[in-house]
2 protein chains.
Amino acid sequence: MTVLFSKKCELALQSVLYLSILPKGTIESADNISKQIKAPREFVSKILQSLTDVDIIKSKKGKFGGFSLAKDPKEIKLIDIITAIDGDYVFDSCVMGFPGCSDENPCPMHEKWAKLREESLQMLSTNTLADLYEITKRKIEKI
Amino acid sequence: MTVLFSKKCELALQSVLYLSILPKGTIESADNISKQIKAPREFVSKILQSLTDVDIIKSKKGKFGGFSLAKDPKEIKLIDIITAIDGDYVFDSCVMGFPGCSDENPCPMHEKWAKLREESLQMLSTNTLADLYEITKRKIEKI
DNA sequence: TTTTTTTAAGACAAAAAATTCCGATATTAG
DNA sequence: CTAATATCGGAATTTTTTGTCTTAAAAAAA
């Protein structure tokens, strides 16, 4: 079985999306976030830590501490979260795992896949948390 | 890090593609195939076994035994190989890992992703080994 | 028939990814 | 200051995926 993004990355996206629908500046604990997205707390906590390192969210220790967005939702693109966790490997490695796959020495899928890869990258690079606000809110409320 | 297809699936695609450029009916040993695609022999062997189960390739035991395509290259679609190894999970699970993601209760990426998912599926369902013959040959020869 | 070569099958081992645990440190309330 | 609550950082554990080994069975050649 196979996945586009790692589990870590999925939970990162879910966590940050959740933070993005809370009133601006809200500090939410890892415990609350993990409950909301129904994922193991310690694991979510670890993921959130790596997101603070790249300045997508910020953290506050101690009582009433937790995590909050480090910038405005319209400044955070989906691709930022993805590359922070999974790297940009997804978008520049060969789909079929062939060595040395490039425009000059393409694998059998290369050309046909290039278009899809480009479109995905485009989609993830243009959409910000702000763009997804309404639909995120609706989804989170239904979980 | 993350990948679209599992390693198994990548090697399955490479192996079958390799078989498809050999003269019709050629029987190639797991040993030769693994050397060609530079992958561990026993592992490739395992993968080839599962492909024989779904009738994409056929096997022959004993001296001069090995594997060969079970049908004409234009009868074998890429998607057949992928679902045989990775299942159809890739194309009907939520990109963000949200539970119960559907058209009625979509995740934030759902709609935008649907188009890409559909196009990928389309591409993998319409292309057969025969369609990729020339480019496969060129690639394999350069490995 | 015996030997050699190759797949089949399943147990086993190693590596990677996911998940948990724990001790340290920071922050705030009382 | 002390107690309570959080994050932080790193080690430890579990699970999944990848890869190996070993033995059996089939096929062809000697």
Side-chain angles (χ1 to χ4, degrees), chain A residues 1-16 19 26-70 82 85-87 89-90 93 97, chain B residues 1-16 19 26-70 82 85-87 89-90 93 97:
Chain A
M1 185 195 298
T2 254
V3 169
L4 185 61
F5 304 125
S6 67
K7 192 94 197 185
K8 270 185 191 168
C9 191
E10 289 180 0
L11 297 180
L13 286 165
Q14 293 184 25
S15 300
V16 178
L19 287 177
T26 306
I27 294 177
E28 194 79 345
S29 71
D31 194 52
N32 276 349
I33 297 172
S34 68
K35 271 178 186 131
Q36 179 60 43
I37 67 175
K38 299 198 195 324
R41 174 177 145 213
E42 300 291 346
F43 193 38
V44 169
S45 185
K46 270 280 142 62
I47 296 166
L48 293 173
Q49 276 177 49
S50 27
L51 290 177
T52 61
D53 295 342
V54 294
D55 210 44
I56 289 174
I57 58 181
K58 58 187 172 189
S59 67
K60 196 182 167 196
K61 287 186 179 177
K63 212 166 189 176
F64 300 108
F67 299 88
S68 58
L69 292 187
I82 292 162
I85 302 291
D86 281 346
Y89 179 88
V90 202
S93 62
Chain B
M1 184 195 299
T2 254
V3 169
L4 186 61
F5 304 126
S6 68
K7 191 96 197 184
K8 270 186 191 168
C9 192
E10 290 180 358
L11 296 179
L13 286 165
Q14 294 184 24
S15 300
V16 177
L19 286 177
T26 306
I27 294 177
E28 194 79 344
S29 71
D31 194 52
N32 276 349
I33 297 173
S34 69
K35 271 179 186 130
Q36 180 59 44
I37 66 174
K38 300 197 195 325
R41 175 176 144 211
E42 301 291 345
F43 194 39
V44 169
S45 186
K46 272 278 146 63
I47 296 165
L48 293 172
Q49 276 177 47
S50 27
L51 289 177
T52 61
D53 295 342
V54 294
D55 211 44
I56 289 174
I57 59 181
K58 59 187 173 190
S59 68
K60 196 183 167 197
K61 287 185 180 177
K63 214 166 190 175
F64 300 110
F67 298 88
S68 59
L69 292 188
I82 292 161
I85 302 292
D86 280 347
Y89 180 86
V90 202
S93 62

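Computed from a prediction, not measured in an experiment: that's the story for all the values here.
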Which residue pairs satisfy the salt bridge (Lys or Arg N to Asp or Glu O under 4.0 Å) criterion with at least one member in residues 30-40 of chain B, sequence neighbours excluded?
-> B/D31-B/K35, B/D31-B/R41
Using a cut-off of less than 4.0 Å, is there contact between a side-chain N or O of A/S59 and OP1 or OP2 of D/dC8?
-> yes
Side chain to side chain donor-acceptor pair (under 3.5 Å) against A/K46, all qualifying residues, sequence neighbours excluded = none
Say you draw a straight line from CZ of A/F43 to CG of A/L48; how long is it, rounded to the nearest 0.5 Å?
-> 11.0 Å
Please name all residues satisfying side-chain contact (heavy atoms from CB on, under 4.5 Å) with B/D55, sequence neighbours left out, ordered by chain then number.
-> B/A70
A/E28 CD to D/dA6 C1', in whole Å, measures 13 Å
Measure the distance from CD1 on B/I85 to P on D/dT16 and round it to the nearest whole Å.
-> 19 Å
Integer-rounded Å distance: C/dT4 P and B/D31 CG = 18 Å
Step by step, work out the side chain to side chain contact (heavy atoms under 4.5 Å, CB included) result for B/L69 and B/V16.
-> CA-CA 7 Å; B/L69 292 188; B/V16 177; 3.9 Å; yes
Below 3.5 Å between N/O atoms, which protein atoms pair up with nucleotides 13-16 of chain C? Just atom names and distances, please.
none

Can you tell me how far CD1 of B/I33 sits from CG of B/L11, rounded to the nearest 0.5 angstrom?
-> 11.5 Å
B/S29 side-chain N/O to C/dT5 phosphate OP1/OP2 under 4.0 Å = no
Could you give the CG-to-P distance, from B/L11 to D/dG19, as a whole number of Å?
-> 7 Å
Between CG on residue A/D86 and CD on residue A/E10, distance to nearest 0.5 Å = 9.0 Å
Residue-level proximity of residues 39-57 of chain A to DNA chain D when a heavy atom falls under 4.0 Å | A/K46, A/Q49
Residues that A/Q36 engages under side chain to side chain donor-acceptor pair (under 3.5 Å), provided they are two or more places apart | none
Shortest side-chain distance from A/K8, nucleotide among C/dA18, D/dT7, D/dT18 = C/dA18
Exercise: identify the closest heavy-atom pair between B/A12 and B/I85 | CB-CG1, 3.8 Å
Which side-chain N or O atoms in residues 56-68 of chain B pair as donor and acceptor under 3.5 Å with protein atoms at least two apart or in another chain?
none

Readout for nucleotides 25-30 of chain D: B = base within 4.0 Å of protein heavy atom, S = sugar-phosphate only, - = neither; 5' to 3' it is -BBS--
Among B/V44, B/I37, B/I47, the one residue meeting side chain to side chain contact (heavy atoms under 4.5 Å, CB included) with B/Q14 = B/I37
